[in-house]
Amino acid sequence: MKFVISLIGMNRFDGFNLIAALQYKRITGRIDSSGNKLKQPRMHFLNVRLKDLKKFLASENLDADKADMMVVITWNTDNTDVDLHVKEPSGEVCNFRHMRTASGGFLSNDATDGFGPEMYFIAKAAKGKYRLSIDYYSSSRVQTEAKSKILLDVYKYWGTPKEEHYQKIIVLKKSDLSNEDDEEDRMIKDAMVIEF
C-alpha cells in the first residue's frame, strides 16, 4: 500500500491517493466481513492492509468506512483546471477556497494539472439538497479539437448495502470560458442535485 500511495501521491495526480485508499479499504472491508474464511497468510495480509489504510486515512482526517455521500470528478483533457463546488443545505459551499465545512464536508484537493480527480466526502449528510456545480476554470492553451468532458460520479450511502450510484458526463464548451475572470459566468450550476 505504501508503494501505491507514494506512486500516485505525486502533485500532478494529487487526490488519487485518497480515492484509491477509500476504495481499497471498502473492498478489503467487504472481503473481511464476507463470512468466507481466508487461509492464515491471506488473512494476515488483509489485516496488514486494513491497518495501513486506516492509519493513512486517519492522517488525512478521513477515517470512515461509509459516508452518506461521496462525489468524484475527473476529466479527459490534460492541463485543464476544473473545480467542484458543493453547496450544502445550510448554504455553506465546499470548494478549493473552503475545503472543510462546519457539517463535516471535505474536499480532497484542488487539481489544477492532469485529469483530476477532485473528491467531496461527507460522512453524515444533513437533510436537504446538495447542489453540485462545476467551475470550468481554464483549459490547456495547446488543447487539440477534443472536447473536454467531465465524469461526475456520485455515491449516496457509500459503503452501505443501500448504496446508490449516479453518473453524468458533462461536455465543456469553449463558450463556458467566455469570461475567465468571472466565476459566475464560468459556473455550470446544479450539474447534479442530491437530496437527503
Side-chain angles (χ1 to χ4, degrees), residues 4-5 7-27 30 57 60 62 64 66-88 93-97 99 105-123 125 129-160 162-178 180 183 185-196:
V4 172
I5 289 172
L7 176 67
I8 60 180
M10 299 177 290
N11 287 341
R12 184 159 164 71
F13 299 102
D14 194 24
F16 277 110
N17 54 352
L18 282 177
I19 296 165
L22 282 167
Q23 295 290 21
Y24 191 26
K25 183 178 179 190
R26 176 180 172 195
I27 292 166
R30 284 183 178 172
L57 290 170
E60 297 289 328
L62 193 63
K66 55 186 176 267
D68 282 349
M69 187 166 65
M70 181 169 76
V71 178
V72 179
I73 63 169
T74 54
W75 47 93
N76 68 327
T77 51
D78 198 8
N79 296 315
T80 300
D81 188 359
V82 177
D83 294 313
L84 175 63
H85 292 244
V86 179
K87 186 174 184 180
E88 297 178 346
V93 177
C94 191
N95 61 26
F96 70 96
R97 285 188 214 98
M99 297 178 83
F106 167 77
L107 185 69
S108 61
N109 62 302
D110 179 20
T112 58
D113 287 332
F115 304 91
E118 290 189 11
M119 177 189 69
Y120 171 82
F121 191 92
I122 187 163
K129 293 181 180 178
Y130 286 76
R131 298 182 177 279
L132 314 178
S133 298
I134 305 294
D135 180 3
Y136 186 12
Y137 190 78
S138 68
S139 66
S140 172
R141 300 292 181 222
V142 295
Q143 186 174 328
T144 64
E145 289 301 311
K147 290 187 188 264
S148 294
K149 295 177 186 173
I150 297 172
L151 177 61
L152 173 63
D153 275 305
V154 178
Y155 298 88
K156 193 173 177 183
Y157 308 116
W158 178 83
T160 72
K162 62 179 188 174
E163 180 177 290
E164 300 170 18
H165 179 216
Y166 305 95
Q167 201 170 59
K168 184 175 185 179
I169 295 173
I170 301 165
V171 178
L172 301 175
K173 302 177 191 93
K174 290 284 186 189
S175 61
D176 294 331
L177 284 168
S178 60
E180 290 188 34
E183 185 175 288
D185 284 351
R186 292 188 317 257
M187 192 72 69
I188 300 165
K189 292 186 179 185
D190 294 346
M192 193 177 289
V193 178
I194 303 294
E195 188 164 4
F196 286 90

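Nothing here was measured: the structure is a model prediction, and the numbers come from that model. The figures that follow rest on heavy atoms only: side chains count, while hydrogens, waters and symmetry mates do not.
- Qualifying side chain to side chain contact (heavy atoms under 4.5 Å, CB included) partners for Met192, counting only residues two or more places apart in sequence or in other chains: Leu132, Leu152, Val154, Tyr166, Lys168, Ile194.
- In this structure, the side chain to side chain donor-acceptor pair (under 3.5 Å) partners of Tyr120, at least two apart in sequence or on a different chain, are Glu88.
- Contacts of Ala123 classified as side chain to side chain contact (heavy atoms under 4.5 Å, CB included), with partners at least two apart in sequence or in another chain: none.
- Tyr155 OH to Phe121 CZ: the interatomic distance, rounded to the nearest 0.5 Å, is 12.5 Å.
- With values rounded to the nearest 0.5 angstrom, Ile134 atom CD1 is found 13.5 Å from Lys189 atom NZ.
- Just one of Thr74, Val82, Leu151 meets the side-chain contact (heavy atoms from CB on, under 4.5 Å) condition when paired with Pro117; it is Thr74.
- Taken to the nearest 0.5 Å, the CD1 atom of Ile150 stands 9.5 Å off from the CD atom of Glu118.
- Residues forming a ring pair (Phe, Tyr, Trp, His ring centres under 6.0 Å) with Phe106 (at least two apart in sequence, or on another chain): none.
- Interatomic distance, Leu107 CG to Asn95 CG, rounded to the nearest 0.5 Å: 7.5 Å.
- Across every non-hydrogen atom of Met99 and Cys94, the tightest pair is O-SG, 3.6 Å.
- Nearest heavy-atom pair across Ala191 and Ile170 is CB-CD1, 3.6 Å.
- Scored by the side chain to side chain donor-acceptor pair (under 3.5 Å) test, Asp190 finds Arg131 as partners (sequence neighbours excluded).
- Atom NZ of Lys162 sits about 8.5 Å away from atom NZ of Lys156, to the nearest 0.5 Å.
- Using a 4.5 Å cut-off on side-chain heavy atoms (C-beta onward), Tyr157 and Met69 make no contact.
- Lys87 forms no cation-pi arrangement with Tyr130, by the criterion of a distance under 6.0 Å to the ring centre and an angle within 45° of the ring axis.
- Atom OG of Ser133 is separated from atom CG of Leu84 by 8.5 Å, given to the nearest 0.5 angstrom.
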